[in-house]
Amino acid sequence: MIKHDIETERDITNLVHQFYAKVRKDDLLAPVFNSIIKENWERHLQIMCNFWSTILLYSKKYLNDPMAKHLSMPLEKKHFDKWLLLFEETIDELFSGSTATDAKNRANNIARIMKSVKQIPL
């Protein structure tokens, strides 16, 4: 199968939904996300689609501060590492190209900043 780059809202939706399907099954991440999101997964997925659309396609659909939403979460280095592993794995399974690479770089930068703010060793 020839992979294409992340180019459309449909690509973003596919990425977000497939990634969070993995998160919801993961022994480490699922308990953290499920305890906060509870039964609001559809709403959360739409928010994440808007976030990544804004970051990667410059759609300006997400206008909130993602940092504030995550500061109270009980996250450790292992959570960030697993999140990044699953995110990059999902991108590599679905896409290839400069925006796909940019998505991985941005996810790593987001994790690095969040770990720094939460004073989690890099």
Considering residues, nucleotides and ligands other than N109, do more than 12 of their heavy atoms fall under 6.0 Å from its CG?
-> yes
Would you find a donor on one side and an acceptor on the other, under 3.5 Å apart, between the side chain of D5 and the backbone of A100?
-> yes
Angle class for the F87/W83 ring planes (parallel below 30°, perpendicular above 60°, tilted otherwise)?
-> parallel
Find out if a path of hydrophobic residues (ILVMFWY) with successive side-chain heavy-atom gaps under 4.5 Å connects I36 to M48.
-> yes
Nearest-0.5 Å distance that lies between atom CD in Q46 and atom CG in N40 | 13.5 Å
Work out which heavy atom in L45 is nearest to a heavy atom in Y20; give both atom names and the distance.
-> CD2-CB, 3.5 Å
Judged by atom type as modelled, is there a donor-acceptor pair below 3.5 Å linking the side chain of N108 to the main-chain atoms of K104?
-> yes
Rounded to the nearest 0.5 Å, how far does CG of L94 lie from CD of E89?
-> 10.0 Å
How long is the gap from CG on D11 to CZ on F95, to the nearest 0.5 Å?
-> 4.5 Å
Is K22 close to Q18 at the side-chain level, that is, under 4.5 Å between some pair of heavy atoms?
-> no
To the nearest 0.5 Å, tell me how far E88 CD sits from T101 OG1.
-> 10.0 Å
Work out which heavy atom in I6 is nearest to a heavy atom in A103; give both atom names and the distance.
-> CD1-CB, 4.2 Å
For residues W41 and N34, report the shortest heavy-atom separation together with the two atoms involved.
-> NE1-OD1, 3.0 Å
Report yes if some heavy atom in the side chain of L29 is under 4.5 Å from a heavy atom in the side chain of H79; otherwise report no.
-> yes
Supply the atom-to-atom distance T8 OG1 to L57 CG, rounded to the nearest 0.5 angstrom.
-> 7.5 Å
At what distance, to the nearest 0.5 angstrom, does CZ of R43 lie from NZ of K38?
-> 13.0 Å
Audit row: T99, E7, side-chain contact (heavy atoms from CB on, under 4.5 Å) steps and yes/no | CA-CA 8 Å; T99 305; E7 300 170 340; over 6 Å; no
Kindly give the heavy-atom pair with the smallest separation between K115 and D81, and that separation in Å.
-> NZ-OD1, 4.0 Å
Are F80 and I113 co-members of a hydrophobic cluster defined by side-chain heavy atoms under 4.5 Å apart?
-> yes
Is a side-chain donor or acceptor of T13 paired with a backbone partner of E9 at a separation under 3.5 angstrom?
-> yes
Among all residues two or more places apart in sequence or in another chain, which pass the side-chain contact (heavy atoms from CB on, under 4.5 Å) test with I55?
-> F51, W52, R106
Just jot down the salt bridge (Lys or Arg N to Asp or Glu O under 4.0 Å) partners of K82, sequence neighbours excluded, or say none.
-> D26
Report the residues that fulfil side chain to side chain donor-acceptor pair (under 3.5 Å) with S59, sequence neighbours left out, ordered by chain and then residue number.
-> S53
